[in-house]
Amino acid sequence: MSTLTPSAEASAAPAERSFARQGLRLGIMTMIGRAYPRLVAANREPDWIFYEVALPLLQICAFALVYKALGAPKYIGIVILGGGMMAFWINVLWSMAAQLHWERQSGNLELYLMAPASMLWILAGMAIGGMLATAVRAAAVLILGSLIFGVTYHVVSYPLVILAFLFSLVALYGLGSMLASLYLLYNREVWAIQEVIQEPVALLTGSYVPVRALGPIVAGFAALIPLTLGLDAVRQLVFPHLFATLLSPGWEVAILGVLVIVFCGGAAWSLRYIEYRAKVLGRLSLKWQ
Amino acid sequence: MIETTSAGGLRERIAASRTWQTLRAATWLEWQARGNWTNPILYGIYLIVRPMTTSLVLVLMYWLVSGAHAHGGLFGFLIAGAAAWTFVDQIVAGVPQAVLADREEYAMLKYVYITPARFLVVLIGRALPRMLVAFISFTVTLAFGVAILGVPVDVRMINYPLLLLALVLGFVGITALGIMLAGLALVLKRGAWQMPQAVTGALYLVSGAIFPVAVLPVWLRDISLGVPLTYWLELTRRALLGSRIGETFPIASTGAILGWLALTTVILSAVSVIVFRICDYFARERGQIDRTTGY
């Protein structure tokens, strides 16, 4: 029940709207501010070309040569595409999930939590900046890999490819934001956890083999990682009839849509929890805590 | 004269004792730094997850092409290579990163430098537990491959002397490479953290860790034959799986491969020590022992 008189309510409404507008403006500025170093500052150092394009390309070439040695060069495209998408997983793992942990170690997390903007906007800025910067690197890997091994693509449906790609990225970065909150509960273990989950995810998501090769049960569980369905859908749409698939691309895109809601909702909830622990309980935001 | 001799002997004994102490302390430090963040069971899982996962990826690739549960031709080749690569991952990529962590995360490197210990001995000490860890990981991954995946390794037919010789020479070469990269990491302004991974990635491709070097383009194959890791992997595979596994290797004779491994290892070790000493000198001169590059 409101305690304000009708005239007071009428005058409060524009104030609330103005407050909401200010909040939104602050949030968007925060997001752009956090995305900026990933998009612009990171590219000031040209050595990223070597470390973030040449390095993943070496590993992709090694796996592509395994297919060549096995006498099945038709599968090389699977590796190239998987390697390109893996760039996003590596970015999510090391630059999203572990980021708040690094920020805590360097003393920035306290500043983030003291700032008037919500942590969600900061994470959104990190995600957008990381996503766009990684897209450039992944595209470079994809183009170079395709040129080296002469891979050709036959796209069945552009809208579905774009939807599958975008949904899997948004869900993946949502997952990264959830992990970012979770990692604040750990200290030195973070490095080990990162190393432990990096390779199994490459296995489970079918980065170098179609996910169906894992068998329907394991592949079903693996589908909870957004990269799995995204990769399977995109591959089906650019290499039609090359391998046994998990589901049809339409179904995979629909499930990815659900994963977007689940992981982005989960990220919002877990970040609110972390803000509560940091601001109300005074925990988690300090180094070695 | 007698006094001079005994003084010289004393100095030698002190030096030997100091080297041993340094080696022991560095080994223990590395063991603690690597493993004391968790309980032994979790640490054990952590050690074997990566090589085992890589092996499984390769197995699935093989089965995708050759049909489910096939075990011929390259099957053992892939698993043995993936298992052996753990040594390179642990030492070539790991030792430089341990040095960087000491310098930048724990800010302890400057204190290690001002002790009377020789830093080269410290680095060898830091490599030893990693070698042990890699050996455990190598054994478990192979055992998993043999028992569960059906890798054709007959434990009665393994050429143990050859395996031992290959592993010992491999350890020397891999440690030398790790030391050289640790020196380079000290003087690099940017990319110091990524450089060891970059070198490991390049070696993964060039040395034919998971495919026969015969499938490489000719120019890359020539480079491959200048890298001791190529011979080390080939000998390890021959010892485990028999000489027929190396039918496509450019050098047929196992003795010749052993000779090449020894020769390239000696050259690599000499170059590594020289490069390390130069980098060490510049790092001291430029005040890079307590620099921070990751910010």
Side-chain angles (χ1 to χ4, degrees), chain A residues 45-48 50-52 54-75 78-79 82 102 105-106 108 148 186-193 195-215 218 242-244, chain B residues 33-38 42-43 45-47 49-66 68 73-74 77-78 81 89 97 101 105 188-191 193-195 197-216 220 248 294-295:
Chain A
E45 314 282 0
D47 53 0
W48 70 264
F50 178 72
Y51 292 116
E52 294 182 37
L55 190 55
L57 199 58
L58 291 173
Q59 185 161 20
I60 291 168
C61 287
F63 280 96
L65 286 170
V66 172
Y67 278 126
K68 193 179 168 190
L70 290 169
K74 65 178 179 178
Y75 291 125
I78 287 178
V79 172
W102 308 140
Q105 300 300 83
S106 60
N108 277 345
I148 292 169
Y186 299 97
N187 264 312
R188 277 200 306 145
E189 301 93 315
V190 167
W191 190 270
I193 294 169
E195 284 189 345
V196 163
I197 64 175
Q198 184 171 320
E199 295 297 324
V201 166
L203 169 72
L204 288 173
T205 54
S207 295
Y208 303 114
V209 279
V211 68
R212 187 59 196 265
L214 294 168
V218 180
L242 181 65
F243 54 89
Chain B
R34 294 286 297 155
N36 74 359
W37 53 271
T38 187
L42 266 180
Y43 186 53
I45 294 170
Y46 163 74
L47 292 180
V49 160
R50 191 175 169 137
M52 212 173 265
T53 312
T54 309
S55 303
L56 283 173
V57 169
L58 294 168
V59 166
L60 289 173
M61 289 171 78
Y62 183 84
W63 284 345
L64 178 71
V65 176
S66 307
L74 280 173
F77 184 101
L78 296 172
D89 255 348
Q97 284 178 338
E105 200 176 340
L188 273 186
K189 285 179 184 159
R190 282 193 288 269
W193 287 93
Q194 295 97 330
M195 181 271 295
Q197 291 289 347
V199 174
T200 312
L203 289 171
Y204 193 62
L205 180 69
V206 167
S207 59
I210 53 170
F211 54 83
V213 289
V215 298
L216 286 171
L220 211 49
T248 58
Y295 46 85

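Here is how names work: the chains are called A, B, and so on, in the same order as the sequence lines, proteins then strands, and each is numbered from 1. Every heavy atom of this structure was used, including side-chain atoms; hydrogens, water molecules and symmetry mates were not.
Closest non-hydrogen pair, B:V49 versus A:P200, comes out as CG1-CG, 3.5 Å. For the residue pair B:T53 and A:E199, the shortest heavy atom distance occurs at CG2-O, 3.3 Å. Heavy atoms only, all atoms of each residue included: B:L60 and A:V209 are closest at C-CG1, 3.7 Å.
Contacts with chain A were tallied for B:A198, B:G201, B:P212; B:A198 has the most, counting heavy-atom pairs under 4.5 Å.
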Validation: residues 57-74 of chain A side-chain donor-acceptor distances under 3.5 Å, sequence neighbours left out:
from	atom 1	to	atom 2	distance (Å)
A:Y67	OH	A:Y208	O	2.7
A:K68	NZ	B:V215	O	3.4

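In this structure, chain A has a heavy atom under 4.5 Å from the side chain of B:L74, while its backbone stays farther away. There is no contact between B:M52 and chain A, counting heavy-atom distances below 4.5 Å.
Atom CG of A:L55 is separated from atom CD of B:Q197 by 7.0 Å, given to the nearest 0.5 angstrom.
The shortest side-chain heavy-atom distance between A:V196 and B:I45 does not fall under the 4.5 Å cut-off.
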